[in-house]
Amino acid sequence: MPSLLDAVEYEGFWWLLNDPDNQVSGKLCYFPNGGIRLNLLLKSEVYYSLFENFTDPEIIQGYVLNQGSYINHITLVYCYRSGDFSSTSDGLVKIEYSAQLAIFGAHYKNLDEIIIKTLTVYYTYLEDWLRLDNLIFDTRRQILGDEVSVETKYERKKPLEIRLDVISSTIYCCSDIEDTTATNEINWKESAYIDIRPDSSQSLIWYFEKTVHMRNLLAFLSGVPIYQIRLHALVTENGVPNMLSIILPVNYPQYLFDSVIKPFMTLTTEVLGQQIGSIFQAWFRRYEELGTSLELALGVLYSNHMFTKFEFLALMQSLESYHRVLNPNCQRAYQDKFGQSQIRECHLIERLEELYSELPIELKWQIGINDSSLTLKSLVQTRNFYTHYGDRKGDVLDGVDLHNAVAVIARFFAILIFYKELDIPVDQIKEAFLTSRPYGFWGKRFF
């Protein structure tokens, strides 16, 4: 299967799950950012007898063709009619379905049947995070008469093995080189992937959840949005191993289609060294509890066209949600207007001050809150202005100041997670942010 960044088309024959004897011809198309589309061409009587009442079939099965021969079983999952039918001059009917998931390699009646031993995931920029550019190449040319013989050798990196007891699995970060050297041209292609190998076979849904957690960790460490671009699953059917390829459509940003662009990475394997295993373990252990605050922040990282005010509010909420996880019963004593002692819930400014106080001075300088115009108080006053819209009170940030505030809050939240949750040493965090570009953590600001 090609990368999910590439468009593909397959001719084949298709049928509804409840009627495999009535097969109809059609074309399966996949387009990046366009999803999975199945265009069927069938006789009108077949449409009215079989397909008219099935606007949202959960499963459509089929075979696809390649150069005139059947090459694959395909299962399309969670299908729905995505366009009106039309008739041709010769009495045939055209209809289109979309699917949320395509599985190449087997026919299934439902997702519960899919039990996977190992899932291989290719992510964007994984080669950069694993630092494959550090591979050592030795190229030699030998001229024999009019011919040039080229021999390329390289030092392959050993797979990075990480044991995750929290999910009873071992993962392997692997790299490979495809040598495409021609007679008079030296060329090679780097690739990297992650194998997820649980102690016992698991469902497809279980794997999907873990790939999302993995993707989010890589994005958080690197400071760059990460996307799945290829999925392969190893299953066993009747004692025989079988490799499935899976298409799970994603909305990819346009810059991924420009091969010239290279992102700036922050915490790569080279920087993290031997701590990578404990970082992965901590992330998977804490993800369920911290998921809301993490995903609010990551939503800003992955957004392409979010207004600055929305980014600001999402990141402020991620900080508040994070503090609520750490201190679910945060309270303060106070005296009411009658002089009576009362207990109230912590205000947002108190929550931020508590989080800020837990960071060492070296990391506080990396955040950028020391500026006189950008303080914890001004962040809270700006947040209150946008959530309780009315007259401006205090130092409400706007324009360039609000843009800078978004970068400051992003760094604040990221440093908290690195330092408190992933236990990354202060020197490594400092180095990551010192070498970052202006506004230097969220990758969308690098493109």
Side-chain angles (χ1 to χ4, degrees), residues 1 4 35-36 58-59 75-78 99-106 108 110-126 129 160-174 192-222 224-236 243-252 276-302 318 321-322 325 417 421-422:
M1 285 296 298
L4 296 184
I36 303 166
E58 183 173 349
I59 298 289
T75 302
L76 303 179
V77 185
Y78 300 135
Q100 296 183 25
L101 181 68
I103 300 170
F104 285 69
Y108 293 103
N110 56 66
L111 291 184
D112 294 336
E113 292 183 349
I114 308 175
I115 305 299
I116 298 173
K117 296 184 66 175
T118 300
L119 187 73
T120 299
V121 192
Y122 290 75
Y123 291 103
T124 54
Y125 304 131
L126 187 57
W129 186 72
L160 177 62
E161 180 178 341
I162 302 172
R163 176 63 190 176
L164 296 177
D165 292 325
V166 67
I167 59 171
S168 301
S169 303
T170 303
I171 65 171
Y172 297 85
C173 301
C174 306
Y193 56 91
I194 292 179
D195 278 345
I196 306 175
R197 303 181 188 178
D199 296 343
S200 59
S201 298
Q202 300 290 338
S203 69
L204 182 61
I205 301 301
W206 183 92
Y207 278 99
F208 279 174
E209 181 183 79
K210 303 306 177 285
T211 60
V212 170
H213 293 355
M214 195 90 63
R215 178 203 69 190
N216 289 344
L217 173 58
L218 294 173
F220 221 91
L221 291 174
S222 65
V224 177
I226 301 295
Y227 298 88
Q228 299 170 8
I229 53 174
R230 192 175 292 139
L231 291 166
H232 299 299
L234 177 62
V235 299
T236 301
M243 185 65 74
L244 307 178
S245 294
I246 300 170
I247 291 181
L248 182 64
V250 176
N251 289 324
Y252 296 105
I276 292 177
S278 62
I279 289 170
F280 271 71
Q281 187 86 340
W283 180 269
F284 276 84
R285 184 177 60 251
R286 292 285 282 160
Y287 195 92
E288 295 303 324
E289 192 172 4
L290 300 176
T292 298
S293 58
L294 291 171
E295 288 164 10
L296 280 168
L298 285 163
V300 177
L301 173 61
Y302 277 86
S318 70
S321 298
Y322 178 60
V325 171
I417 299 300
E421 301 298 332
L422 303 183

Do [X] and [Y] have side chains that get closer than 4.5 Å, going by heavy atoms?
X	Y	value
Tyr122	Gln228	no
Leu204	Leu101	yes
Tyr108	Leu244	yes
Ile196	Met214	yes
Ile59	Asn110	no
Phe208	Ile246	yes

Give, for atom [atom1] of [X] and atom [atom2] of [Y], the distance between the pair rounded to the nearest 0.5 Å.
X	Y	atom1	atom2	result
Ser168	Arg163	OG	CZ	6.0 Å
Leu290	Glu421	CG	CD	5.0 Å
Leu301	Leu296	CG	CG	13.0 Å
Ile114	Ile205	CD1	CD1	8.5 Å
Ile279	Ile417	CD1	CD1	13.0 Å
Asn216	Leu221	CG	CG	11.0 Å

By the definition side chain to side chain contact (heavy atoms under 4.5 Å, CB included), identify the one residue from Leu160, Leu218, Ile162 that meets it with Ile194.
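Filter result, single survivor: Leu218.
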
Which heavy atom in [X] sits nearest to a heavy atom in [Y], and how many Å separate them?
X	Y	result
Ser293	Ser321	CB-CB, 3.8 Å
Ile116	Tyr207	O-OH, 3.0 Å
Thr124	Pro225	OG1-O, 4.0 Å
Ala282	Leu422	CB-CD2, 4.1 Å
Ser245	His232	OG-ND1, 3.1 Å
Thr75	Ala106	OG1-O, 2.8 Å

Mind telling me whether Phe280 and Trp129 have parallel, tilted or perpendicular rings, with 30° and 60° as the class edges?
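The arrangement is tilted - the two ring planes meet at 30° to 60°.
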
Apply side chain to side chain contact (heavy atoms under 4.5 Å, CB included) to the pair Leu119 and Trp206, showing each step before the final yes or no.
CA-CA 11 Å; Leu119 187 73; Trp206 183 92; over 6 Å; no

Using the side-chain hydrogen bond (donor to acceptor under 3.5 Å, both in side chains) rule, take Glu295 and Tyr287 through it: C-alpha gap first, then chi angles, then the decisive distance, then the call.
CA-CA 10 Å; Glu295 288 164 10; Tyr287 195 92; 3.0 Å; yes

Run the salt-bridge test on Lys117 and Asp195 with the 4.0 Å N-O cut-off and return the result as yes or no.
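No, no charged N to carboxylate O under 4.0 Å.
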
Can the ring centres of Trp283 and Phe220 be said to be less than 6.0 Å apart?
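Yes, the ring centres sit under 6.0 Å apart.
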
Lys/Arg cation over aromatic Tyr193: Arg230, 6.0 Å, 45° cone
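Not satisfied by the 6.0 Å and 45° rule.
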
